Amino acid sequence: MPGSHQSDQNSHATKAPTAPTTQGFTLDEILQAIDDDQFYLAGQAQINLETLEIVGFECLAHWEHPERGEVAPFHFIPVLEDAQQCHHLTIHLCERMLSLVERLQQTSPGLHFSLNISAYDLCREGFADEMINIVSRHTIDQATIVLEVTETAGIFGDTSVANLRQLHEAGIQLAVDDFWTGFSTLETIRLNIFSEIKIDFSLTSRVINDKTSMAGINAILQLSSNLGLRCIVEGIETCMIKSILLEAGAIYGQGFLFSKGVKDTLLEQWIQDYNDNKSQKYCLNPSTLFQSAELKELEERPHPSWLWDFSAQKIIWANTAGCRFWQAESLDELQSRDFSAMSYLAKIRLKSYQLRMQAGEDIITSEWDFFPGTAAQKVFCIQLPRLNPANGDMFMLVNAYENFNSRLPARKYIDSSDEFPAPFFIADEDGNLLRINKHAHIEIKIDHDRITDLISEEDFTAIKSSCASGHMIHTFAAFDRLQDCQYLYIRAVMLPDMSQNGGNVFHIMAIPVSETLTRNLPEPLNEVRFLTGNSRDVTTDTDT
């Protein structure tokens, strides 16, 4: 093979490490494995985050040892780098990648294929000539080949820069790997020979909780846009991270959410399978269904939330509490779960909800008997429609309330039945709390005897006025008794008080919600009011 180590092995013998590595591999063993074709490529898909189309693959080096099985790169790359022998593996893998490209361009034209090259490769005289010669022997479009270079001090030497410029002039694309984490980011860009930059996993993995990482990603995306460079975000592992990146302006990405890497001999079938099923996988582009602030709010919610796909009949997203509720070890496991065995009554109910939401119903509240394990759980749910504007598909966001089994303080007016699985209380016209169920103690932490200890006098007056027409009302009232909960979602109805002649009582369900979730609810109908204390201006029908 071109670049075989046999020709110059002796000249580098003094630099070869003789001490064993972590798994005991020496330079001679690694070089012999290259000659024996024990190294192969695993292609990790690079995806258009909005359309989910495959745009390319990063080809990663894997060693399939005949006795020790799969060997991770950190067991052999440092040995090659210390001996400045990386070019042997680079040439071998490049030959293998080009054969792969030649094969796949018949069935999957237009894809990019990238390969990492070491700074030690670039410091080698004639490296560019060798690579160009290999590429020219294959009937491929040279622009589909991308060589990824990590920023190090070594790439700014005269030999390195000359090799890079020669590769660029030959039509081979160059990418800066691990952008922003390397030696000199701006100096690298000023070379004006790179067409692509890649955002490293070390930034991507921290976007949810680290403002600095998010700011860095925003800056890189803006820089790449200004310079006309393709930007690929690495390390996308969750639907939430994908959605946040989409909102930040990212277009391309790769990571375990899409593919952990597929052996080059199996890649053609994987592409076909992916294209056949991409509409039912990988979050179904939930950025069109959520805003990043809402996603963050839902993920931090102590109760379960999940997103139901009516078309695929499956859960496509859930927060941490939702995965726990469904007894799933991970979101991926929950997304792949088969719900086709649900009961007939459950299927009828879901179909009913779909029709009601398609007819324009904005909020559906209900009690459900779920069977995430062997025992049933009665759960109260607020269910909201989510519409994918790209194709009109209907989804349902379920905000559930469960785990109402805490020990409660003795209260003389606790509702003894406790059958309603959500915070519930009864108040008289003067605002005195007559009965309270256990869920109100847990969710709202009621420890006083008047409703005005929870909401303002003005809000209660508005509730009484709205209920006077005989309607059940849905409303939001200001509430600051719990951290991160600025409002109570209230469903109230006025009924005659059977214990007093001529009086009335108000049956009220009240669930704390955050301002973020409130903003993302549909605009209220006439009978849905935002009372005093809410910053949204809402026009309501005075006759309601």
Side-chain angles (χ1 to χ4, degrees), residues 1-44 58-101 113-135 137-138 145 147-155 157 159-160 162-164 167 177-178 260-267:
M1 60 174 286
S4 172
H5 72 275
Q6 300 296 337
S7 60
D8 61 342
Q9 179 180 347
N10 293 334
S11 65
H12 296 282
T14 57
K15 300 178 182 178
T18 56
T21 62
T22 304
Q23 289 198 4
F25 298 116
T26 64
L27 175 63
D28 286 343
E29 288 178 297
I30 297 170
L31 294 176
Q32 188 60 53
I34 294 173
D35 278 351
D36 293 342
D37 200 23
Q38 293 176 11
F39 287 88
Y40 70 92
L41 293 170
Q44 187 176 62
E58 179 179 359
C59 297
L60 306 169
H62 282 247
W63 183 4
E64 192 170 36
H65 195 279
E67 297 174 358
R68 305 191 191 185
E70 289 288 331
V71 179
F74 64 83
H75 290 301
F76 55 85
I77 295 297
V79 180
L80 293 170
E81 288 183 337
D82 287 345
Q84 298 184 19
Q85 299 286 295
C86 292
H87 62 282
H88 297 305
L89 182 60
T90 300
I91 297 301
H92 171 77
L93 296 178
C94 185
E95 287 274 16
R96 189 152 183 150
M97 182 181 74
L98 294 171
S99 297
L100 173 67
V101 175
F113 293 82
S114 62
L115 182 71
N116 284 277
I117 58 174
S118 168
Y120 293 99
D121 293 333
L122 293 172
C123 292
R124 180 181 172 83
E125 292 281 355
F127 174 74
D129 288 327
E130 200 167 12
M131 294 294 290
I132 293 170
N133 180 51
I134 296 172
V135 173
R137 295 202 305 267
H138 293 266
I145 304 302
L147 298 181
E148 297 185 13
V149 180
T150 302
E151 297 171 297
T152 63
I155 71 170
T159 302
S160 297
N163 276 322
L164 288 170
L167 291 167
D177 198 14
D178 302 340
K260 294 184 178 181
V262 183
K263 190 172 183 178
D264 47 14
T265 55
L266 306 175
L267 207 52

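Everything quoted here is computed from the prediction, not taken from an experiment.
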Go through the steps to decide whether H75 and W63 satisfy the test side-chain contact (heavy atoms from CB on, under 4.5 Å), and finish with yes or no.
-> CA-CA 10 Å; H75 290 301; W63 183 4; over 6 Å; no
Under the criterion side-chain contact (heavy atoms from CB on, under 4.5 Å), which of N163, L147, T159 is the partner of L122?
-> N163
For the residue pair I34 and I91, establish whether any side-chain heavy-atom pair is separated by less than 4.5 Å.
-> no
Smallest heavy-atom separation, A119 atom then S160 atom, equals O-OG, 4.4 Å
So CZ of F127 and CG of L164: to nearest 0.5 Å the spacing works out to 9.0 Å
From the list H88, H87, Q84, side-chain contact (heavy atoms from CB on, under 4.5 Å) partner of D121 resolves to H87
Taking all non-hydrogen atoms of both residues, which atom of G43 and which atom of L267 are closest, and how far apart?
-> O-CD1, 4.2 Å
Mind listing the closest non-hydrogen atom pair of S114 and E58 along with its distance?
-> OG-CA, 3.2 Å
Kindly determine whether L41 and L115 satisfy side-chain contact (heavy atoms from CB on, under 4.5 Å), including the steps that lead there.
-> CA-CA 9 Å; L41 293 170; L115 182 71; 4.1 Å; yes
Calculate, to the nearest 0.5 Å, the distance between atoms CZ and CG belonging to R96 and L100 respectively.
-> 9.0 Å
Are side-chain heavy atoms of E95 and R137 found at a separation under 4.5 Å?
-> yes
Could you tell me whether K263 atom NZ has more than 12 heavy atoms of other residues or ligands within 6.0 Å of it?
-> yes
Does any non-hydrogen side-chain atom of T26 lie less than 4.5 Å from one of V79?
-> no
Give a yes or no answer on whether the side chain of D177 reaches the backbone of E148 with a donor-acceptor pair at less than 3.5 Å.
-> no
Would you call D264 and C59 a side-chain contact if the rule is heavy atoms closer than 4.5 Å?
-> no
Hey, could you give me the CG/CG distance between D129 and L167, rounded to the nearest 0.5 Å?
-> 9.0 Å
Test side-chain contact (heavy atoms from CB on, under 4.5 Å) applied to V101 and H138, step by step | CA-CA 9 Å; V101 175; H138 293 266; over 6 Å; no
With under 30° as parallel and over 60° as perpendicular, where do the rings of H92 and F39 fit, or are they tilted in between?
-> perpendicular
Minimum side-chain heavy-atom gap E70-E64 below 4.5 Å | yes
So which of L80, I117, N116 actually passes side-chain contact (heavy atoms from CB on, under 4.5 Å) with T90?
-> I117
Going by heavy atoms in the side chains, are T265 and Y40 under 4.5 Å from each other?
-> no
Chi angles and distances behind the side-chain contact (heavy atoms from CB on, under 4.5 Å) call for I77, L89 = CA-CA 9 Å; I77 295 297; L89 182 60; 3.9 Å; yes
